[in-house]
Structures are given as structure tokens and as C-alpha cells.
Amino acid sequence: MVFAAPGEALTRAEELLGADPSPLHASVAHQVIGIWQRDFGDTRRALAHLRRARDLAARADSAEREADVLATLGVALVHSGRTRAGLAAFERGVARGSGHTRARVLFRRAYVWWVLGRHGEALEDVRRAIPVLRQADDVIWTARALTLRATVHLAQGSVERANADFTAAEALWDTTGQEHDKADAVESRGLAAFRAGDVPAALRLLDEAEERYAKLGTPTFMLTIRRCEVLMAAGLAPEALAEADGAVAALDGIGGQSTRKAELLLVAARAARLAGDPQTSLARAAVAVRLFAGQRRTWYETHARLVLLEARAATGRGSGRLVADAAAVAERLAAFGAPAAPEASLLAGRIALDLGWTADAERHLAVAARSRHGGPPLARMTGWAAQALRARAAGSARGVLEACRRGLDVLDDHRMTLGASELRARATAQGAELAALAQRASLVSGGPRRLLGWSERWRATVLSAPPARPPADPVLLTAMTAFRELAARAEEARSEGGRPAPALEREQRRLEREVRSRTLHMRGEAPHDGDRFDVGRLLHRLGEEVRLVELAVLDGRVHVLLCGQGRVRRFEAGMLAEAEAEAEHVQAGLRRLAHPGAEARLPLVEAAGARLQHLLLGPAAAHLGSGPVVVVPPGRLHRVPWALLPALRERVLSVSPSASSWLRAKDTAPPPGGRQVLVRGPGLASGGAEIPELAERYGATRTPEGADRRVPRARAAGLPGGSAGRGGPTVLEGDEARVPRVLRELDGAALAHIAAHGTFRADSPLFSSLRMADGPLIVHDFERLDRSPYRIILPCCDTARFASVGADELLGLVTALLPLGTAGVVACTAPVNDAAVVPLMLALHKGLDAGLSLAEALRDARASLPGDAVHQATGWAFTAFGAA
């Protein structure tokens, strides 16, 4: 009962002790309280109760009872860090027990061997226990033993054996009422899914286990460790670090198990390293190493030492000693059969290579490279990274490129199992080293065309295929509706009282976590073969007039790849860090110019634009020709207002996340019918003043809810070449501008103009939103569309802000739309003056009505604005994305 209903078991044990029980029964009660304290409370109290239970069992002269208590005491001693005393308790327990009781003692000793990382001993004890438990028809303990054996198999990388044992255990659990153990079985299946490379299934199962534990009031420290491992594999290392640190604090608060604390610190150290925080990683790993050493847990101590060495290498501490230490760790991990052994060999080889020790590097890298042929995706990528470094050391550019191609193919297959666009984007970070190696090899040996091909190989890959559509999950839909309502109420409370509403905001954050969690459970489609990028096809589509400028960054320097007139040319520009700093200065200048009275800053902003041009385009600026220009920047330059650069200021200018994305947008056909949608949300400073004028220009009709929205012979406003019919757009404003209605009208529209207050969420970019009458319209909502509008105009602030994640990916509103059928977006990269936006938007639509593209119409709209600082800054802040 202490596992099935822990609270009730604790209460009944305490009641029993208050009724003056016999020594035998008192021993059972103290053991139950000891188990509860060991797993859910203070280990010091647990040890006191378990020692009392042992003494009472001896007084009762029951060898079987004493053996059982000694096993429980042994587990508690090991979890408190007293490994030698714990193993001694097990020796006495095995000696005192017999038959069925001894099998239970052996099972618990096997568990301790697993905790200690001694997997051979664990398998030996559990194999001895299972036949006896089965013969005694002990369903619960047999299921526990099978679950433990499966977990040990997973630690050794034997996924198939583990799944067989998990399946057998689950069949047994279904016949019992052991709810805690059933939750543990779900958690274990989540771990198995993760080891098999199925991240969405792992997240779903671990979340289900957490819900089950919550109903029992069970702490979930082991679950946290496993969830953090999955989060790191999904590219969510900062979240894993926060969860692990929070669990350590909670564990310290209850005086919990020392063994769990060490494991949580190890996870936190790995997460900090992956999150780019080597100092935090060093600190956490050093404490973990000390704790594991004191607990005599050599398997875990060795893993912690690997993280410690990786953190030291990340701080630039490469040395011969570090090579030797990494090699020693690799040997120990290999002796344990640990899947992490190739990582240690790769680390040793990489450091040796940096030191110029080519013979040592080759030896270690050759060992690491063996993992490229089997195992989970990340292990194979480790092997291909090692193979690429071997080829680089041997001077074989072809070998480098082949290894990088094979490694990134593995990553592509892995990414496409992920349904959520956020996970796909973040997972690309795992291929950053391979992509950088390939780019360097291309620069040295392949010329500009090859460099362009490899730049495209890892740029904006999340946009190469639409994310999986969110399932028709009633819980998800309910959570999204509740989130929207709570967000609207919180916004109303802030606007009325000027203060946040803490209770509403707490519930809003909880609902955000639920929506995001369920979204991350989505599986991707079958591996996406997609069209490989073809430089020749790009040049053909560009023709003689259009120039595409792709910016590649190698070792911190910007390289300009100028495509057009049938060739690709390369120019060197400035340093990326300087360009990023200059872009931030420009953003600050545009923010000031959005308010009247800052006219004196206009020359400063224009001068900053000239400096940006020098850093980003360099000598390529003089070779752009006179036609349209498409800019493909790296993710870290997404906030550059490209229209401010002198060479681009009078141009037909568009921006695309990648050349591949531009080609897809170029090939996207507009939907039939030319349906237009104008949306005006609440709370706009300008009141969305352009909407009534646009509605009048287009001859709008308000479509009643549920009415037929087909527009016979509708004018294809904004489509290439225009059209002569007059059908009028749908206008949604006031109470009609509610999210469900807006989404229905947007689905498959040819042109959408959404005047709504925009909010960018750097902490959670897919909750960036447009404010509707009933609350925020978020990126997750757009992902539910069958087809997003062919063209979208977003006239309000912050609609073109992104979070840069993964290798070179962007998450935000615009990038969510591009893979869903949108071929062109006009959006804003900086705060703007609301009044100045109105004439810009009216002029933009005038150009679209004449059959111009978004980029052409935006160029003409800027030129039509008054020459004062506010209007000029407003024009520069808007960008045309895509190719429509």
C-alpha cells in the first residue's frame, strides 16, 4: 500500500503504532513509515524508522521479517550516500532470508546495483530473483523485477530487450491496483521511447506519468531526471537546466536522497553545457563528481567527469592533460558498455587535433567514428562528426563533405520525427558542428557554388516542410480556448487598473505550459525527402535582373554570396559581432524616431545604415545591378532593417530565411477566387484607421456569421497582374474579430490585412500573438490552418520579430506562416509610429491593386511618404518577406 496509496499507508502505520502492536506488527509499521520517508520525505528519519523496524524484527525472532527490513534499510543507506553500509545490510539480508523473501531481497539489491551503475551485478541478481517470484505467483514483485531488468537493459543500450521486459511487466500491472507502479511503468516506457529516438512519444509518456504521480502525491525526482534528458535531446537545454536546478532545491528542502541530488546535478551540468554556459556546467559537474565518488558510484562518477572535461574544453582550457583525462574517461565508459563512450573519444580527439597532435587525434577519433553505423541518431551523429574531423586532419575535403552529408542526413531523419516546429528548429543545433566543417571545406576547395549549397544545407531547414498539424485533441483545444480567455482577462485587468493580475497571470502561464506540452507530443510525418537545393535551378529562376544575396558566416566573418546572371560570386564583408551591435544601435534609433521630436537623430540612423552596409555587404554592394534584390541573412541578423542600407533603399527588396524558401514561395500558386480578408483588432493606437478606407476602396461587404463567403468574379487584389472583377473583401472588426471566426476566414484567403496589436514573446516565441476581440491569436493557432493566406500584411509593431534558435533557425509569426502556404508577408521589424503607418498601408494596397508584388508595392509606398523623420523611419521598419 505504501506505493499504491502512500498517504493512506502512512496514516494506517501511525495508527497501528498507537495501538500497542506486537513487535512483528510494529516492525511492519516502522518499515512502512521508513519507506515513505525514504522516497517522499527525510532520509534521516527514514533510517531511524528502518533501524527500529530491524530491531523489532529481531525481537520477534522472524528471520524472514528481518531479511525484508534489511533490504529496505540497504536501499535507504545507499540513497543517503552510505554505500558500504548499505551493501553490508544486503549481505545480511540475503543470508537471513530464504526462498520467496530472499528473491525480494535480491531484487532490491539489483536495484541498488543499478543505482550504483554496476549493471552486470544488477542483471545477475534480478535474473536469480525473477524465476522464484514467478513460481510464488508474486505478480507485483515479478512486474517490478521485469521493469528493473528492462531499465538496466536500456542503460546498456539494449532497447529491444528492454521493450520486451516492459511489455511483460505492463501486462502484469494491468491485473493489479498498484497505481504508483503503473505510473512507473508509463515513465519507463517514456524512457524506452527516448532511447529508441522517439522524442515526441517520450515527452507524451513522461507527461502522462507525471499526471499519475501528481494524483498520488508522489515526488517525481527520477522523472525530472529523465524528462531533462529528453528536453536536452530536443534542443531545450535551458529548460532542462531550470527544471534540474528547481528539483535540486526541492530535494534539499525536504532532506531528500543524496543519490538523486547527485543525479540531478549531473543532468544540470549537461544542460548548462548544452545551453552554452560552461561555468555553470563546471560548478554543477564538480559537485556531482564529489558526491558520486563518496557514494562509490563509479559509473555515474565517470559520466560526471566527462561533462566536467567537456565544460573545461568549452572554456578554452585545451591541454595535453585534458586529452589524457578524456581518453581515460572514454576507456572507463567503454568498459562499462556505456553509450556515452564515443562522446569522450570525440572530445579527446578534438582537443588533440587543436593541439596539433595528429597521431593521437586519429587514434581517438577512429574509436569515436565507429558509432556512426548504429545506435540512436545522436550517437550516429557523434560518429559522423568524428569521421569528418578525421578527414579534415588527413586533408581530404571530399571526405569531410561526405561525412558531414551523412551526419546531417541522420539529423534530417530525426528532425522529421518531430511534429512541433519548435522542436524541429531547436534540434538543428545538434548539426551545427557538421555544417560548419562542411562550409569551411567548401570555402577552401569548392568555390562559391559549393559554399552556397552547404550554406543552404542547414539554413532555415524547419521551413522545408510544414509542421505536423495539431491533432483534434479536445484537451488541447480546451486549453487553448481557456488560455485565450485568461489572457484577455489579464490584459483587461492591466489596462483598467494599470496593474498586473497575479492570479490570472499564474493560471495563464499554467495553460501556456499545458498547450506547449501537448504540442510537443506531436509526431512528424514519415522522413521528408524534399527537393535538395539546386544552385542551377536558383540561378535560372533569378534570371538576368534579380540578385539574391546570401550571407554565410564562417569563423565570425560575413561572406556574401551574390547570385544572379547565371553565376555565384563571393565577397568578404565584416565581422558578424560588429554587425549585430550596429543593428541594435539602428533598432534603438528607429524606436526613437517613432516619436515626434527626434528628427535630429535621422542623420545618425542613416549613418548607422551606411556602416551596416559596409559590414554586411562589403564590396558586393557595388555589384547588385539595378533590379530586385533578395536578401538571405543568417538568423542572428534577423532584426536588420534592410531598407535602411543605402544600396538597398530605393530597391525592390525582399527578405527570405533561405534561398530554398524563396524558391518555394516563388513556385507557390495563389488560391483561386482571390478572396480578401481585412481584420481590425481592439486596442490599436491608430484605431486601425486604414481598415475603413481599404474596405471602401475594395467595396467590402460584412459577411454574417455562417454565410456563404464565396465571392464570384472576385478581384484578385494583390495577385500578379490584378483582376477586373469587384467582389469585395470580408471585414472582421469589433466582436466579429474573434479567433475562431478570423481563422475560418483566413484559411485559404488570397490576401489578409490584419491590423492588430502584436506581442512578441522572446521566452516562448510560438506564443507571440495578435490581439483579437476574444484574446490572443497565437502562432499555434496559425498552425491549425489547412492553408494560410497567400499574402499577409501585418501593419503593427513587433510582427516581424523572431527568436534565433538551433543552428540557424528563426521562430516567430512570419516563419510560422511561410511553410503553411503563405508566399509573401509584409511585417514590421521595429516599433513604429501608428499614425504614420496608415498612409504607408494605403499606398501599399494601391500598388497591390495595380498588380504589383509585395516588394514592389512596398518600395513605391515608401517613396510616396512625406520626407520627415517619422515617416521615413516608418518606411524603413517594414520588410517584405518571401516572393509574392
Side-chain angles (χ1 to χ4, degrees), residues 1-13 32-43 46 72 75-76 79 108 111 114-115 140-141 143-144 146-148 150-151 154 166 169-170 172-195 199-231 239-240 242-257 259-261 263-264 267-268 475 479 510-511 513-514 516-518 520-521:
M1 186 186 289
V2 76
F3 297 108
E8 185 182 350
L10 179 66
T11 300
R12 288 179 59 176
V32 165
I33 296 171
I35 291 171
W36 191 95
Q37 290 288 355
R38 181 195 70 194
D39 291 351
F40 312 139
D42 189 327
T43 52
T72 304
V75 173
H79 273 313
R108 282 174 282 188
Y111 166 78
W114 172 71
V115 169
I140 290 174
W141 286 75
R144 286 174 180 164
L146 288 168
T147 301
L148 175 61
T151 306
L154 279 183
F166 280 139
E170 220 170 344
L172 293 177
W173 287 129
D174 285 341
T175 67
T176 75
Q178 293 293 115
E179 295 305 320
H180 179 278
D181 287 300
K182 287 180 181 179
D184 185 64
V186 174
E187 178 185 342
S188 298
R189 281 197 292 120
L191 178 62
F194 171 54
R195 293 284 186 260
V199 169
L203 288 170
R204 176 177 56 79
L205 290 164
L206 293 179
D207 284 348
E208 180 186 337
E210 187 172 30
E211 291 172 10
R212 289 172 177 251
Y213 287 134
K215 291 176 183 176
L216 298 171
T218 303
T220 55
F221 297 112
M222 191 68 229
L223 178 80
T224 297
I225 292 167
R226 288 170 172 169
R227 179 173 166 79
C228 287
E229 290 178 352
V230 180
L231 290 173
E239 290 184 33
E243 285 199 26
D245 280 349
V248 169
L251 195 67
D252 285 343
I254 64 170
Q257 297 171 356
T259 50
R260 288 288 179 262
K261 179 176 180 178
E263 292 163 23
L264 284 163
V267 166
V475 177
R510 185 192 70 77
L511 288 167
R513 289 193 296 271
E514 183 173 346
R516 183 166 179 263
S517 173
R518 298 190 80 86
L520 297 182
H521 297 168

- In short, A143 meets A169 closest at the heavy-atom pair O-CB, 3.6 Å
- Query: Considering all heavy atoms of both residues, which atom of C228 and which atom of A240 are nearest to each other, and what is their separation?
  - Reply: SG-O, 3.4 Å
- Item | Test item: side-chain donor near acceptor, T43 and R38, under 3.5 Å | no
- Message: For L191 versus E229, what's the shortest heavy-atom pair and its separation?
- Response: CD1-OE1, 4.2 Å
- Any chance you could lay out the side-chain contact (heavy atoms from CB on, under 4.5 Å) test for L10 and V2, step after step, and finish with the verdict? CA-CA 7 Å; L10 179 66; V2 76; over 6 Å; no
- Note on the structure: Interatomic distance, CG@L251 vs CD@E263, rounded to 0.5 Å, equals 10.0 Å
- Note on the structure: Looking only at heavy atoms, the pair that brings D207 and R227 closest together is OD1-NH1, 3.0 Å
- Do L206 and V186 come close enough that some side-chain heavy atom pair is under 4.5 Å? no
- Query: Measuring from D181:CG to T147:OG1, what's the distance to the nearest 0.5 Å?
  - Reply: 7.5 Å
- Answer whether the closest heavy-atom distance between the side chains of K182 and T176 falls below 4.5 Å. yes
- Note on the structure: Y111 and H79 have their tightest heavy-atom pair at OH-NE2, 2.8 Å
- Query: CH2/W36 to CE/M1 distance, rounded to the nearest 0.5 angstrom?
  - Reply: 15.5 Å
- Is there a side-chain contact between L154 and F166, using heavy atoms and a 4.5 Å cut-off? yes
- Item | Results of side-chain contact (heavy atoms from CB on, under 4.5 Å) for A13 - residues two or more places apart only | A29, V32, I33
- Message: Counting neighbours of NZ on K261 that are heavy atoms of other residues, nucleotides or ligands and sit closer than 6.0 Å, is the number greater than 12?
- Response: no
- Message: As an exercise, state the distance from CZ of R212 to CD of E179, rounded to the nearest 0.5 Å.
- Response: 7.0 Å
- Message: Side chains of L203 and F194, heavy atoms from C-beta outward: is any pair under 4.5 Å?
- Response: no
- Given Q257 and D39, is the side-chain contact (heavy atoms from CB on, under 4.5 Å) satisfied, shown in steps? CA-CA 8 Å; Q257 297 171 356; D39 291 351; 3.5 Å; yes
- Task: Of all the heavy-atom pairs spanning A202 and A193, show the shortest one and how long it is.
- Result: N-CB, 3.9 Å
- Task: State whether K215 and E211 are salt-bridged, where the test is any N-O pair (Lys NZ or Arg NE/NH1/NH2 against Asp/Glu carboxylate O) under 4.0 Å.
- Result: no
- Task: Report yes if some heavy atom in the side chain of Y213 is under 4.5 Å from a heavy atom in the side chain of D184; otherwise report no.
- Result: yes
For residues 219-226, which side-chain N or O atoms pair as donor and acceptor with protein atoms under 3.5 Å away, sequence neighbours left out?
from, atom 1, to, atom 2, distance (Å)
T224, OG1, T220, O, 2.9
R226, NH1, E187, OE2, 2.9

